[in-house]
Amino acid sequence: MITESPSPRVEQRAEQLKITEIFHSIQGEADAVGWPTVFVRLTGCPLRCTYCDTEYAFHGGRWMSFDEILEEVSGYATRRVCVTGGEPLAQKRCIELLKRLCDAGHEVSLETSGAVDLAPVDQRVRKVMDLKTPASGEVQRNRLENLALLGSGDQLKFVICNRDDFEWACRQLEERPPAEEVQVLFSPSYGELEPRLLAEWILADRIEVRLQLQVHKYLWGSEPGR
């Protein structure tokens, strides 16, 4: 569990973003699971979730211009691009990167905690928003106003650590139902909750959600950059 204080937002530089890594892998989550994808991982995150598997992205990284990022992405000759973190929107210029990736013809997805305003995000971007459960330790950071900004092609994800998280997530769906076109994903916290158990809860409670496993973890474990 991370005990250090969250770092401030990454210092901004004109026309640049601080990047932890850019890599080519198989998408392991959401509705694009299984597709070859280029991942652009931005540095920095204001949250400290108990189950975080990308602590290495909290600090460090290298400054890259938008042109440099797009050039490296294009070198993989892959249409799908996922912008992730950390929390990518902690760097305000991430909004411009998302637009430029879309303008370049990429199919762009954004993995976000939902703790930052999603209103400025380009409408062409497919948003995958992680609503933090109590066991994450960051439930108070949820920006519930973002739920109304999710639409067609977007996904709402809950990482479930235990039965309490499951029941909490079900209550959220009852009290704040997302738009019909938004996919709802329940993902067992890797190494913490058996996927079969979560599947049994979903079936027993007749919950219309999609069970999501982190396929990349089963392929490569927790190896960074995969």
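For the numbers below, each heavy atom of this structure counts, side chains included, while hydrogens, waters and symmetry mates do not. Note that this is a predicted model, so its numbers are computed, not measured.
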Notebook entry, point to check: Counting only heavy atoms not in Gln123, do more than 12 sit closer than 6.0 Å to its CD atom?
Noted result: no
Next item on the list: Return yes if some donor-acceptor pair links the side-chain N/O of Asn142 with the main-chain N/O of Lys132 below 3.5 Å, else return no.
Entry: yes
Check: For Ala199 and Leu211, which heavy atoms make the closest approach, and how far apart are they?
Finding: CB-CD2, 3.9 Å
Next item on the list: Evaluate the criterion side-chain contact (heavy atoms from CB on, under 4.5 Å) for residue pair Glu111 and Lys157; output intermediate values, then yes/no.
Entry: CA-CA 10 Å; Glu111 294 184 346; Lys157 182 176 74 172; 5.9 Å; no
Check: Are Leu198 and Phe186 close enough, and set up right, to give a side-chain contact (heavy atoms from CB on, under 4.5 Å), and what steps lead you there?
Finding: CA-CA 8 Å; Leu198 179 55; Phe186 276 24; 4.2 Å; yes
Checklist line | Asp165 side chain to Ala135 backbone, donor-acceptor under 3.5 Å | finding: yes
Notebook entry, point to check: Does atom CD of Glu194 have more than 12 heavy-atom neighbours, drawn from other residues, nucleotides or ligands, at distances under 6.0 Å?
Noted result: no
Check: Within the distance-only criterion (no hydrogens, no angle test), does the side chain of Asp154 pair as donor or acceptor with the backbone N or O of Gly151 below 3.5 angstrom?
Finding: yes
Next item on the list: Answer yes when Glu107 and Arg124 have at least one side-chain N-carboxylate O distance shorter than 4.0 Å, and no when they do not.
Entry: no
Check: Quick check: are there more than 12 heavy atoms from other residues, nucleotides or ligands sitting under 6.0 Å from CD of Glu192?
Finding: yes
Notebook entry, point to check: Backbone N or O of Asp31 within a donor-acceptor pair of the Gln155 side chain at under 3.5 Å?
Noted result: yes
Item checked: From OG1 (Thr133) to CD (Glu167), nearest 0.5 Å -> 13.0 Å
Item checked: Side-chain donor/acceptor of Glu87 to backbone N/O of Leu89, under 3.5 Å -> yes
Note to self: If we count only N and O atoms by modelled type, under 3.5 Å, do the side chains of Gln27 and Thr37 hold a donor and an acceptor together?
What the structure shows: no
Margin query: Test your reading of the model: is there a side-chain donor-acceptor pair from Thr78 to the backbone of Tyr76, 3.5 Å cut-off?
Written below: yes
Next item on the list: Would you confirm whether Arg126, through its side chain, and Ser152, through its main-chain N or O, come within 3.5 Å as a donor-acceptor pair?
Entry: no
Next item on the list: Please determine, by modelled atom types, if Ser136 and Thr50 share a side-chain donor-acceptor pair under 3.5 angstrom.
Entry: no
Next item on the list: State the CZ-CZ distance between Phe23 and Arg41, to the nearest 0.5 angstrom.
Entry: 4.5 Å
Notebook entry, point to check: Regarding Arg48 and the six-membered ring of Phe58, is the cationic atom NZ or CZ under 6.0 Å from the ring centre and inside 45° of its axis?
Noted result: yes
Item checked: Derivation of the side-chain hydrogen bond (donor to acceptor under 3.5 Å, both in side chains) call for Ser65 and Gln16 -> CA-CA 4 Å; Ser65 69; Gln16 289 186 318; 6.0 Å; no
Notebook entry, point to check: Testing Leu149, Ile95, Thr112, Asn146 for side chain to side chain contact (heavy atoms under 4.5 Å, CB included) with Val121, which one passes?
Noted result: Ile95
Next item on the list: Would you check if there is a donor-acceptor pair between the side chains of Gln140 and Glu138 at a distance under 3.5 Å?
Entry: yes
Notebook entry, point to check: Restricting to pairs with a member in residues 78-128, which pass ring pair (Phe, Tyr, Trp, His ring centres under 6.0 Å), not counting sequence neighbours?
Noted result: none
Margin query: Is it the case that the side chain of Gln91 and the backbone of Thr43 share a donor-acceptor pair, with hydrogens and angles ignored and the cut-off at 3.5 Å?
Written below: yes
Notebook entry, point to check: Can Leu185 and Phe158 be said to form a side-chain contact (heavy atoms from CB on, under 4.5 Å), step by step?
Noted result: CA-CA 6 Å; Leu185 313 172; Phe158 296 84; over 6 Å; no
Margin query: Taking side chain to side chain contact (heavy atoms under 4.5 Å, CB included) as the criterion, tell me which of Leu173, Leu131, Leu150 meets it with Pro178.
Written below: Leu173
Item checked: Note: Asp205-Arg163 ion pair, threshold 4.0 Å (strictly below) -> yes
Next item on the list: Measure from the side-chain N and O atoms of Asp117 to the backbone N and O of Ala119, and report whether any donor-acceptor pair falls under 3.5 Å.
Entry: yes
